[in-house]
Amino acid sequence: MTGSDDARKFYAKLMAAHARSVDPRIEEVFASVPREAFLGPGPWTVFAGDGGFKTPTADPSYIYQNVLVVLDADKGINNGEPVLHAMWIGKVEPKPGEAVTHIGAGTGYYTALLAKLVEPGGSVTAFELETDLAERASQNLAAYGNVKVIQGNAVTSLLPPSDIIYVNAGVAAPPAAWLRALKPGGRMIFPWRPAERIGLAVIVTRMERGFACQPFMGSWFIPCVGAWVAGPEAKVPTRERAARTRSIWLSEDKAPDRTATAVFGDVWFSSRPIRADSKR
């Protein structure tokens, strides 16, 4: 066993601990999927503080830490913070047989983890807007028979019916079509950026009526093209009101009422919770 193998196994234990999940497969997939296979040849540039610097060598041990690895420096795109993704994966609890839509797949590392967690019988549809990153993701994920990579904008594309929608780009509000794509009991996790200085990770669960919503941590991602800017008619929340949000509604199903914490056209957010027993 090499030093990088040891580093990956230790990293996997750390990620599983941060996931706070009873699912032992989370540690297994972090240990089995080589992160370096999705980053291109090393040495790699990592983000830290206000800038970046290169790893001393191409030894993969350097990227089995909670580091952001540059994918496209000009566009500010990185491979994502492993601890954050471990926490998100623990929250959405992927299960064998489920259908996942991954929006903002980058070069496919976290897509691969999700793909393994829904085996056997599950699948992942991965959207990536940037042409070069989508091409790299297709190559990196070629051996994963349950993954389909689509180069395109998930905001304007038709999403397949999904048990999980895993969003890695900041939105002012999730498009109504994304909410409709969730199957009953389906979960969506996304970075909510209703205003420039507000960044919250939110998990949404489709209930019999409406969508339960839980903001659970701070989160900052690059903008999602087509869903980033709030319209002039939007009711934008303060940070405090955003944090109090407990449900999301489609305006066609229910008009905004006095509980509204934010309103973005055909999607609005409410401070009123939805009982768990109303899930289909």
Side-chain angles (χ1 to χ4, degrees), residues 8-39 63-69 71 78-128 137 140-141 144 146-147 149 154 159 162-171 174 178 182-183 185-192 199-206 212-221:
R8 193 197 309 167
K9 287 183 179 296
F10 183 69
Y11 160 87
K13 286 185 179 295
L14 289 175
M15 296 306 109
H18 283 290
R20 298 186 177 183
S21 170
V22 297
D23 188 348
R25 301 175 310 138
I26 292 180
E27 180 176 340
E28 293 168 10
V29 299
F30 271 103
S32 64
V33 176
R35 191 182 187 194
E36 65 272 22
F38 296 83
L39 301 179
I63 48 94
Y64 287 115
Q65 304 179 56
N66 191 43
V67 293
L68 298 170
V69 182
L71 296 178
N78 62 70
N79 181 243
E81 183 182 8
V83 163
L84 178 147
H85 285 277
M87 294 172 70
W88 282 30
I89 289 169
K91 276 283 186 184
V92 296
E93 299 180 314
K95 298 176 180 65
E98 291 194 317
V100 178
T101 297
H102 186 188
I103 297 172
T107 56
Y109 175 56
Y110 299 106
T111 311
L113 298 175
L114 292 166
K116 283 187 168 291
L117 287 167
V118 297
E119 290 178 339
S123 63
V124 181
T125 302
F127 285 88
E128 175 50 51
N140 295 337
L141 294 163
Y144 293 75
N146 63 339
V147 176
V149 177
L159 268 57
S162 306
D163 297 291
I164 294 172
I165 300 178
Y166 193 90
V167 185
N168 291 159
V171 298
W178 293 5
L182 279 177
K183 296 180 182 181
R187 293 87 68 203
M188 173 164 56
I189 195 164
F190 67 94
W192 188 23
L200 294 169
V202 173
I203 185 164
V204 172
T205 304
R206 183 166 192 171
C213 173
Q214 179 195 6
F216 66 95
M217 66 181 290
S219 180
W220 304 89
F221 276 78

Exercise for review: List the steps and the verdict of side-chain contact (heavy atoms from CB on, under 4.5 Å) for M188 and V92.
Suggested key: CA-CA 7 Å; M188 173 164 56; V92 296; over 6 Å; no

How far apart are the closest heavy atoms of [X] and [Y], and which atoms are they?
X: A12; Y: E27; value: CB-O, 3.4 Å
X: K91; Y: I203; value: O-CD1, 3.5 Å
X: P215; Y: L200; value: CB-CD1, 4.2 Å
X: A16; Y: I26; value: CA-CG2, 4.2 Å
X: R25; Y: P94; value: NH2-O, 2.9 Å
X: A154; Y: L159; value: O-CD1, 3.3 Å

[X] side chain near [Y] side chain, heavy-atom distance below 4.5 Å:
X: M87; Y: R20; value: no
X: L113; Y: H85; value: no
X: M217; Y: L84; value: yes
X: M15; Y: V83; value: yes
X: H102; Y: V167; value: no
X: Y166; Y: V124; value: no
X: I189; Y: V204; value: no

Check your understanding: Checking side-chain contact (heavy atoms from CB on, under 4.5 Å) for the pair L68/N79: CA distance, chi angles, key distance, verdict?
Key -> CA-CA 6 Å; L68 298 170; N79 181 243; over 6 Å; no

N/O donor-acceptor pair under 3.5 Å between [X] side chain and [Y] backbone:
X: D163; Y: G186; answer: no
X: R206; Y: L182; answer: yes
X: W192; Y: S219; answer: no
X: N140; Y: T107; answer: yes
X: R187; Y: E93; answer: yes
X: E98; Y: V118; answer: no
X: N146; Y: A115; answer: yes

Practice item. For the residue pair F30 and Y109, categorise the inter-ring angle as parallel (less than 30°), tilted (30 to 60°) or perpendicular (more than 60°). Key: perpendicular

Point to revise | Chi angles and distances behind the side-chain contact (heavy atoms from CB on, under 4.5 Å) call for I89, L114 | key: CA-CA 8 Å; I89 289 169; L114 292 166; 4.3 Å; yes

Check your understanding: More than 12 heavy atoms of other residues, nucleotides or ligands under 6.0 Å from NZ of K183: is that the case?
Key -> yes

Exercise for review: Look at atom CZ of F10 and say whether more than 12 heavy atoms of other residues, nucleotides or ligands are closer to it than 6.0 Å.
Suggested key: no

Practice item. Kindly determine whether F221 and W88 satisfy ring-ring contact (aromatic ring centres under 6.0 Å, His included), including the steps that lead there. Key: CA-CA 14 Å; F221 276 78; W88 282 30; 5.4 Å; yes

Review point. Listed by chain and number, what are the ring pair (Phe, Tyr, Trp, His ring centres under 6.0 Å) partners of H18, not counting sequence neighbours?
Key: none

Review point. Listed by chain and number, what are the ring pair (Phe, Tyr, Trp, His ring centres under 6.0 Å) partners of Y64, not counting sequence neighbours?
Key: Y11

Study note, to complete from the structure: Output for pair (S21 OG, L117 CG), nearest 0.5 Å, gives 9.0 Å

Study note, to complete from the structure: Between the CD atom in Q65 and the CD atom in E81, the distance rounded to the nearest 0.5 Å is 12.5 Å

**Study point:** side-chain contact (heavy atoms from CB on, under 4.5 Å) between K116 and T111, intermediate numbers included
**Key:** CA-CA 9 Å; K116 283 187 168 291; T111 311; over 6 Å; no

